[in-house]
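First listed ligand is number 1; within each ligand, the first listed atom is number 1.
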Amino acid sequence: MHEIIALRDVAPNVHELVVDAPDVAAKAQPGQFAVVIPDKMGERIPMSLAGWDREAGTVSIYFLEAGVSTMKLAQRTAGDHIDFMAPLGTPATVKEYGTVFIGGGCYGVGAIYPIVEAMKQAGNQVITAIEARSDFLLYNEEHLQENSDMFHRATSDGSAGSRGKVKDVLHSLIEQGESIDCCYFMGCTFMMMVSSRAAAEYDIPSFVYLNPLMVDATGMCGVCRVTVGGETKFACVDGPEFPGGEVDWGELFHRKSQYEPYEREAYRHTCRLRGDHHD
Ligand code: FES
């Protein structure tokens, strides 16, 4: 069991979890993930590692409260103990490309930080772009800005940065003559799909992180099965990093939608037990 050092809100429905985990902090690499179990009866929740302090022995994660298990995790407090298994998954491909574009949305606004930092240290020019519906949903900007040569914000309502999404920032930079050698995208599956398709339009290779597909991250439930480059892969065992241009996104969305009614029902049921109202 690992002690929670801090659990705070960073944006509506987005939380930062910091746990005491010296063994994990010593070995963690960009792109890897953890499995968190919020309580004794809780499910395993796979989540991207968003940072670590090797000296202090702490590891941080950003998560979106999007279902029953993440709701339970958000209710824990500093001093509580949780199961926290990490680092898991293959590390991100980090090398010197020249100019890299790194896009984050949702939990990925926080979780792209280790990749941004590693790409900068590898000698790349780093362009970072984050997206949200509105300015009050953006967070972690200072950290990202410090390690980026260029930093862009995109909001759907135009309240901060440019109006649009990460993919629109990418389009506009390329149209302005910026030369980009590789892209990395982390966020919801839709964001990763449209962003990697935008990169492919210009023949730019991209990497995506398919953590949102995972359920138990054991390699046994099969829920994270995905076709990449015509081959069957499992996000939790073979990933989470995959070349975005080779993912069969159509199949991925079809499989993902099969579980949504069950998760919605479980969430409603738990909220009713708590006395909340979600119709
Ligand atoms: Fe169950 Fe990957 S999440 S096999």
Side-chain angles (χ1 to χ4, degrees), residues 2 15 17 19 21 24 27-50 59 61-74 82-93 105-108 110-112 114-115 184-193 196 206-267 270:
H2 294 267
H15 312 273
L17 169 73
V19 294
V24 180
K27 289 183 283 189
Q29 299 294 322
Q32 291 188 297
F33 66 95
V35 166
V36 182
I37 303 179
D39 61 26
K40 243 194 295 179
M41 304 294 286
E43 289 179 317
R44 296 161 58 91
I45 323 174
M47 293 177 168
S48 302
L49 299 180
V59 179
I61 273 176
Y62 291 94
F63 68 96
L64 180 74
E65 195 180 326
V68 176
S69 299
T70 46
M71 182 180 72
K72 285 182 181 173
L73 182 59
I82 53 171
D83 277 312
F84 185 86
M85 287 146 279
L88 303 170
T90 52
T93 306
C106 184
Y107 73 92
I112 52 168
I115 298 177
Y184 291 73
F185 301 114
M186 192 181 280
C188 73
T189 42
F190 185 77
M191 175 266 185
M192 292 189 282
M193 174 184 75
S196 60
S206 67
F207 290 105
V208 294
Y209 298 84
L210 298 183
N211 305 57
L213 296 189
M214 298 178 200
V215 172
D216 63 357
T218 60
M220 291 191 289
C221 75
V223 171
C224 69
R225 180 159 60 82
V226 58
T227 303
V228 182
E231 287 180 26
T232 298
K233 302 281 183 189
F234 292 88
C236 65
V237 175
D238 303 308
E241 181 187 83
F242 293 100
E246 294 179 28
V247 173
D248 184 338
W249 293 103
E251 179 198 65
L252 183 156
F253 275 95
H254 177 68
R255 284 176 55 75
K256 206 167 170 287
S257 65
Q258 293 173 334
Y259 301 99
E260 276 165 12
Y262 302 104
E263 179 61 28
R264 260 200 305 274
E265 187 48 39
Y267 190 59
T270 309

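A search for side-chain contact (heavy atoms from CB on, under 4.5 Å) contacts involving P212 returns Y107, T189, M192, not counting sequence neighbours.
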Verify side chain to side chain contact (heavy atoms under 4.5 Å, CB included) between I61 and F84, making sure each step is shown before the conclusion.
CA-CA 11 Å; I61 273 176; F84 185 86; 3.5 Å; yes
Exercise. Could you go through the side chain to side chain contact (heavy atoms under 4.5 Å, CB included) check for K27 and Q32 one step at a time?
Key: CA-CA 10 Å; K27 289 183 283 189; Q32 291 188 297; over 6 Å; no
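With I82 as the partner, the side-chain contact (heavy atoms from CB on, under 4.5 Å) test is satisfied by one option alone out of L17, I45, D39: L17. Of the candidates N211, L64, L73, M47 forms a side-chain contact (heavy atoms from CB on, under 4.5 Å) with just one, namely L73.
Near atom 1 (Fe) of ligand 1, less than 2.8 Å away, sit the protein N, O or S atoms D216 OD1, C221 SG.
Of the N and O atoms on the side chains of T93 and E241, at least one donor lies less than 3.5 Å from an acceptor on the other residue.
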